[in-house]
Peer 1: 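Could you have a look at this structure, given as structure tokens, before my questions?
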Amino acid sequence: MLQGQDLSFSVGQRVIFDGINIETYKNELVSIIGPSGVGKSTLLRVLGMFVRPTRGRVLLHGEEVTRPTPRIALVHQSIATFPWMTALDNVKLALQGRGLSKEEMEERARMALEVVGLSGFERFYPKEMSGGMRQRVAIARALAGDPYVLLMDEPFVHLDELTAERLRREIYDIFFSEGSTLESVVLVSHNLNEVVELSDRVYAMRGSPARIVGELRIELERPRNQYNPIFSEYVSELYSMLSIGE
Amino acid sequence: MYGGLIIAAAALATFARVLAMMGLSIVTGWLLGYASLRSRGFESAYIPAVAVLESVPVIGFFPLVLIIFVERIGGPLGVEMAADFLVFDAVVWNIWVGIYQAFKTVPRDLEEVADNYGLGFLGKMRKLYVPYSIPRIAANLFPSFADGLFYIMASEVISVGVHTYEVFGIGTLLTEYVAGGQMAGIYYSLLAIGVGVAGFMTLFRYFAGASVAKYGLDTAAQIRRRERPAPRLGSSAWVTLARPMRRLSRYAASAVLASVARPVRSVSGRAPRLARAAGYAIGIAILGYMIYSSYRLIAAVPAATWSELLSDTPAMLYALAVDYGRVAVITGASFAISVLAGYYLATHVRASAIVIPAVQTIVAFPPPAYFPLIYMATYTYMDALPGGIGAEVYVFILGFLSAFYYVFFSFWMGVQSIPVEFWELMDNYRLGFWDRLRRVVLPATLPYLVSGISSTVNSAWGGLMVGEYWPGIVPGRNLEVNVGLMKLLDVYVSQGYLHRAAWASLLFGAVVAVYSLLFTERLMNLSKSRYVVEEGIFAA
């Protein structure tokens, strides 16, 4: 459904990544892993057309994407919520310009907050919330726009381990819950445990310019337990993909 | 006569006055900043006093200056001191507060190192406080220079009654050339000012970059923008440092500090009890002296004069209300133009890279210097307008030229400070221009806008002071509005009614200070409590 074809990106003369082909399928969470600075976040932005590739194109349901669209929603690494808007208003932002009445917007925003477990916090300002709650607001905002694809750039990196763990446990069900329009999620992370816990499929990026050096399907029952020996094997395999030749 | 040498010397004299007053502001700022660190009593008198005094536009001090320096001291020295005092008042406040804020935010670790090695007053100043304050000072050089230049042009020639006092400088020369219709002299003088302004701007730009590189800790710009380039936003040391406004420079700096979250000096680092008591004593003594002096001044004024002043008061207040209307129009126009142009420039890197440095240099060029040329070229058309509309248009133009760039730059800088994540979200949800402005850009820039509007209002008064009553703006013609407090002030001074001018300026100062403290500061506090865009990004 989301395809990146022959994607290349350069800054000046320096080629960051080259010849990247990537594809997601329905009800699938796909992760992109790689060392710091390899261009994972940039690739994610190219997939949403927030940054234009030097070469290649992105297709959503077979149609070329030429500029950012609410159908491909981005969730940032640095949790971005507007401090002068309540949680509800932050979510309603994703519903602007869609011809909805005020009541409809409010209803849908409330539902999105409910999905991420923030019922009762609609009138709270971001400053009054914890980091985990803020990230839930950001996810609710992304979901409220009825996206087909969610792009997540290290979404748990600024949360404490306990909060991140709790959110990771819930998030897969939130994404692919009944009534959600979401068809796939692309997650960028350098945390291999997190990747194995959440992903259906993983692309590994490495090199300079970076290329896709491996692809791994993770077939483990959910919820996944990181103390399961098979879980550890997947982590080791991903580690090997990234460290081959080093 | 307009020999090149005289023009160059006069321009140098004018620039030297501004630079000397900036230097004096810096040195006194270091001493006062250190005193506030050591004494809570001094600090609690110093900071509120600065807040009140800086909210009074420079022209509010004009009659006071005339009475003290021109009348009492008199002679060339008195006139020189009067001009210097006005420039000092224009340049000092942002430098003092910038230094105070720098001193208050010296990292505790560095303070402890200085204590560890037993550094005394001079050692700490030389090794720690002064270097730490350099980037803040550099950030304030541009607005100080521009403000100082504006008032030096207006204050080198002072007419009181039948006497005209003047100091040697380019403002005086220009006045002579305009009165004599010597166009070549006018052009060469403007050229000399232009060369000086461009030169000093280049110097300040270099100094700002170098000072941040050498003395700055990690800056917010680097932290906020982190690893990703911001594709639509230009940024450079100068961008973050070019702050042609008093409060804005402080706001922007405080945002920097907030995001870095450095530990600040603890109260335990203060002076011992004896020094604190001495600080309180000095503060109380100064306050007592001011109250006593005020009492003596009031008692010395004859009852008949008081009666005359009180009967003039309603007319003065009406004229002040009319001026507030003018200021509102100037500020509204500045705001509208600034939002549209500032947004365009902030979102178009290439246009911004060319236009912003050019505008920065042009706006430092004092409008009173070139305004007669605009008047000369257009007054025949304006004369065709009914009533006093032509004069109103000129006052509007002068006020606008003097003030619009404060809100323009503040808004532009505010847009620059919006995190790239927010731009991506606006793109992601395809917000239109008005939705972007209403929901994100205006709220995100509110603290900057409040600062900019506040500075615009203050500077607009300067424009009105110059434009409402300008006798001999070109040979044989006066620029004059029908009603306005600034005109009244000018007329009182020129006719020698200094007591009336002093009373009018006291009323003006009081109203403006109250307005500033009740309205501007509250709005600033509100914007700081909710509309701080940096707080929208949570990054542990």
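Chain identifiers are assigned alphabetically (A, B, ...) following the order of the sequence lines, protein sequences preceding nucleic acid strands; residue numbering begins at 1 within each chain. Basis for what follows: all heavy atoms, side chains included, without hydrogens, waters or symmetry-related copies.
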Peer 1: Could you tell me whether the side chain of A/W84 and the main chain of B/R439 form a donor-acceptor pair under 3.5 Å?
Peer 2: yes
Peer 1: By number, which residues in residues 58-69 of chain A have some heavy atom less than 4.5 Å away from chain B?
Peer 2: A/R67, A/P68, A/T69
Peer 1: Applying salt bridge (charged side-chain N to carboxylate O under 4.0 Å, His left out), name anything that partners B/R430, two or more places apart in sequence or on another chain.
Peer 2: none
Peer 1: Once you round to the nearest 0.5 Å, how far does CZ of B/R438 lie from CD of A/Q96?
Peer 2: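 Spacing of CZ (B/R438) from CD (A/Q96) equals 7.0 Å.
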Peer 1: Where does A/A138 contact chain B at under 4.5 Å (heavy atoms): side chain, backbone, both or neither?
Peer 2: neither
Peer 1: When you measure from the side chain of B/N428 to the backbone N and O of A/I72, does any donor-acceptor pair fall under 3.5 Å?
Peer 2: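 Yes, B/N428 side chain to A/I72 backbone: donor-acceptor pair under 3.5 Å.
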Peer 1: Keeping to residues at least two apart or across chains, list the salt bridge (Lys or Arg N to Asp or Glu O under 4.0 Å) pairs with something in residues 94-105 of chain A.
Peer 2: A/R98-A/D146
Peer 1: Given heavy-atom pairs under 4.5 angstrom as the criterion, report whether the side chain, backbone, both or neither of B/D435 touches chain A.
Peer 2: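 For B/D435, the contact with chain A is made by the side chain alone.
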Peer 1: Of the backbone (N, CA, C, O) and the side chain (C-beta and beyond), which part of A/M85 lies under 4.5 Å from a heavy atom of chain B, both, or neither?
Peer 2: side chain
Peer 1: Please name the pair of heavy atoms, one in B/Y429 and one in A/A94, separated by the smallest distance, quoted to 0.1 Å.
Peer 2: CE2-CB, 3.5 Å
Peer 1: So does A/M1 have more than 12 non-hydrogen atoms from other groups sitting under 6.0 Å from CE?
Peer 2: yes
Peer 1: Is chain B contacted by the side chain of A/R141, its backbone, both, or neither, given a heavy-atom distance below 4.5 Å?
Peer 2: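 Contact with chain B involves both backbone and side-chain atoms of A/R141.
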Peer 1: Heavy-atom distances under 4.5 Å only: say whether A/L95 touches chain B with side chain, backbone, both or neither.
Peer 2: neither
Peer 1: Mind telling me whether B/F422 and A/F82 have parallel, tilted or perpendicular rings, with 30° and 60° as the class edges?
Peer 2: tilted
Peer 1: Just grab all the salt bridge (Lys or Arg N to Asp or Glu O under 4.0 Å) pairs involving residues 114-126 of chain A, residues at least two apart or on different chains.
Peer 2: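 For residues 114-126 of chain A, and leaving out neighbouring residues, the salt bridge (Lys or Arg N to Asp or Glu O under 4.0 Å) pairs sorted by first residue read A/E106-A/R123, A/R110-A/E122.
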Peer 1: So do A/H76 and B/L425 actually touch side chain to side chain, heavy atoms under 4.5 Å?
Peer 2: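 Yes; the side chains approach each other to less than 4.5 Å.
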